[in-house]
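Below you'll find the structure, written out as structure tokens, and then a few comments.
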Amino acid sequence: MKLVFATNNQHKLEEVRAILGDNHEVLSLKEIDFHGDIPETAGTLEGNALQKAQFVKEHFGLDCFADDTGLEVDALGGEPGVYSARYAGDAHDSEANMKKLLQKMAKKSDRKARFRTVVALIQGEETHLFEGIINGSIIRKRRGNGGFGYDPIFVPEGYTETLAEIGDEKNKISHRARAIAKLAEFLRQQEVENKTD
């Protein structure tokens, strides 16, 4: 089955291809010859994911899924949330985003946070949403060279290492992995139903 994943982020693409496996051919935006930016102007993760998937469906007529992810920090009232990628400005600079977050958290004792990913799938005329959440906490100094985004300052519940330190384990436990696993299960169920029809 061919599906477009509305991203040109190589990290995300590799993560998702690893989770979905060989049953699905996942194409990036570049592979369908789209090199621009899709607007993300909604005020929620669900809205942004849908906006991206709808853009591909409308312009290319292809079944598509898109995700949006936010880091939600309790002590900051859920910030950076939907603005996670551009928290420190439109440059999508992970280092600047982390620095800003750590500065805002400097005097906070409550370090609880969660990563939340919403995946929107548009197949034919139908739309489906899948959510993945991983709870954890924000540490005071970055650790680890793996992962991307806020991974070096986020320690998942039940772990002592950051998401940037746990290597391949991240693909099994991450917020995106959990949302994509739900997507994969949904697609698998469809295949089973199609075979029995």
Side-chain angles (χ1 to χ4, degrees), residues 5-16 28-29 35-53 55 66-120 129-171 173-180:
F5 179 21
T7 189
N8 273 324
N9 181 320
Q10 200 56 36
H11 292 295
K12 281 188 187 182
L13 200 58
E14 285 165 12
E15 209 173 294
V16 164
S28 68
L29 291 173
H35 304 278
D37 281 327
I38 300 175
E40 292 178 64
T41 54
T44 62
L45 299 176
E46 291 82 356
N48 277 342
L50 267 172
Q51 196 175 16
K52 289 189 278 189
F55 181 94
D67 77 318
D68 198 24
T69 293
L71 174 65
E72 300 170 342
V73 180
D74 287 2
L76 302 179
E79 275 186 27
V82 75
Y83 303 107
S84 294
R86 49 191 187 278
Y87 195 39
D90 286 336
H92 291 243
D93 182 337
S94 294
E95 291 300 321
N97 289 338
M98 274 191 285
K99 192 173 172 187
K100 179 176 179 177
L101 185 70
L102 289 175
Q103 281 170 347
K104 287 189 110 172
M105 290 292 288
K107 294 187 169 68
K108 308 281 187 193
S109 56
D110 178 4
R111 313 294 291 185
K112 285 199 293 293
R114 76 200 55 80
F115 272 116
R116 193 162 69 88
T117 291
V118 177
V119 172
L129 292 173
F130 308 93
E131 183 184 64
I133 294 174
I134 182 171
N135 293 303
S137 57
I138 302 296
I139 57 172
R140 293 182 184 276
K141 281 189 184 155
R142 51 165 303 148
R143 289 198 328 245
N145 300 313
F148 57 100
Y150 296 90
D151 289 356
I153 59 171
F154 183 88
V155 174
E157 251 175 28
Y159 286 77
T160 53
E161 304 100 336
T162 66
L163 280 179
E165 293 174 308
I166 61 175
D168 291 343
E169 180 80 4
K170 181 191 167 184
N171 281 357
I173 65 155
S174 81
H175 40 98
R176 188 172 299 104
R178 289 173 180 183
I180 295 294

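Throughout, residue positions are numbered sequentially from 1 according to the sequence presented.
R143 places no side-chain N or O within 3.5 Å of a backbone atom of A164 that could act as its donor or acceptor partner. Under the 3.5 Å distance criterion, the side-chain polar atoms of N97 are matched with a main-chain donor or acceptor of A85. In this structure, Y150 contributes its side chain and S84 its backbone to a donor-acceptor pair below 3.5 Å. Between the K52 side chain and the E40 main chain, no donor and acceptor come within less than 3.5 Å of each other. No donor-acceptor pair under 3.5 Å is formed between the side chain of R116 and the backbone N or O of G70. Counting only distance, with no hydrogens or angles, the side chain of S137 and the backbone of R111 share no donor-acceptor pair below 3.5 Å.
Taking F55 as the reference, F34, H59 meet the ring-ring contact (aromatic ring centres under 6.0 Å, His included) condition, with sequence neighbours excluded.
Taking CZ of F115 as the start and CG of N135 as the end, the distance is 11.5 Å to the nearest 0.5 Å. Considering OG1 of T69 and CD1 of I134, their distance stands at 11.5 Å, rounded to 0.5 Å. Atom CG of D68 sits about 8.0 Å away from atom OG1 of T117, to the nearest 0.5 Å.
When every heavy atom of P156 is checked against every heavy atom of E161, the shortest pair comes out as CD-O, 3.3 Å. A pairwise comparison of heavy atoms in N48 and T41 identifies OD1-N, 3.4 Å as the closest pair. When every heavy atom of A120 is checked against every heavy atom of A53, the shortest pair comes out as O-CB, 4.0 Å. When every heavy atom of D93 is checked against every heavy atom of E95, the shortest pair comes out as OD1-N, 3.0 Å.
R114 has its side chain out of reach of H175: every pair of non-hydrogen atoms, C-beta onward, lies at least 4.5 Å apart. Between L163 and I173 there is a side-chain heavy-atom pair separated by less than 4.5 Å. Residues L50 and L129 form a side-chain contact, since some pair of their non-hydrogen atoms from C-beta on lies under 4.5 Å apart. Side-chain contact between V118 and F130 is absent, with no heavy-atom pair separated by less than 4.5 Å. Under the 4.5 Å side-chain criterion, counting only non-hydrogen atoms from C-beta, I138 is in contact with L102. The shortest side-chain heavy-atom distance between E79 and V73 does not fall under the 4.5 Å cut-off. Contact of the D151 side chain with the K170 side chain is registered, since non-hydrogen atoms from C-beta on lie closer than 4.5 Å. Under the 4.5 Å side-chain criterion, counting only non-hydrogen atoms from C-beta, L101 is in contact with L71.
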> Taking it one step at a time, do R176 and V16 satisfy side-chain contact (heavy atoms from CB on, under 4.5 Å)?
Replying inline: CA-CA 8 Å; R176 188 172 299 104; V16 164; 4.1 Å; yes

> So K108 and L76, side-chain contact (heavy atoms from CB on, under 4.5 Å) or not? Walk me through it.
Replying inline: CA-CA 9 Å; K108 308 281 187 193; L76 302 179; 4.0 Å; yes

>> As a quick check of understanding, evaluate side-chain contact (heavy atoms from CB on, under 4.5 Å) for L45 and E72, giving each step before the final call.
In response: CA-CA 11 Å; L45 299 176; E72 300 170 342; 4.3 Å; yes

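A donor and an acceptor atom, one from each side chain of E165 and Y159, are nowhere located under 3.5 Å apart.
Counting heavy atoms of neighbouring residues, nucleotides and ligands inside a 6.0 Å radius, atom NZ of K100 exceeds 12 of them.
The aromatic rings of F148 and H11 sit parallel to each other, their planes meeting at less than 30°, with 60° as the upper class boundary.
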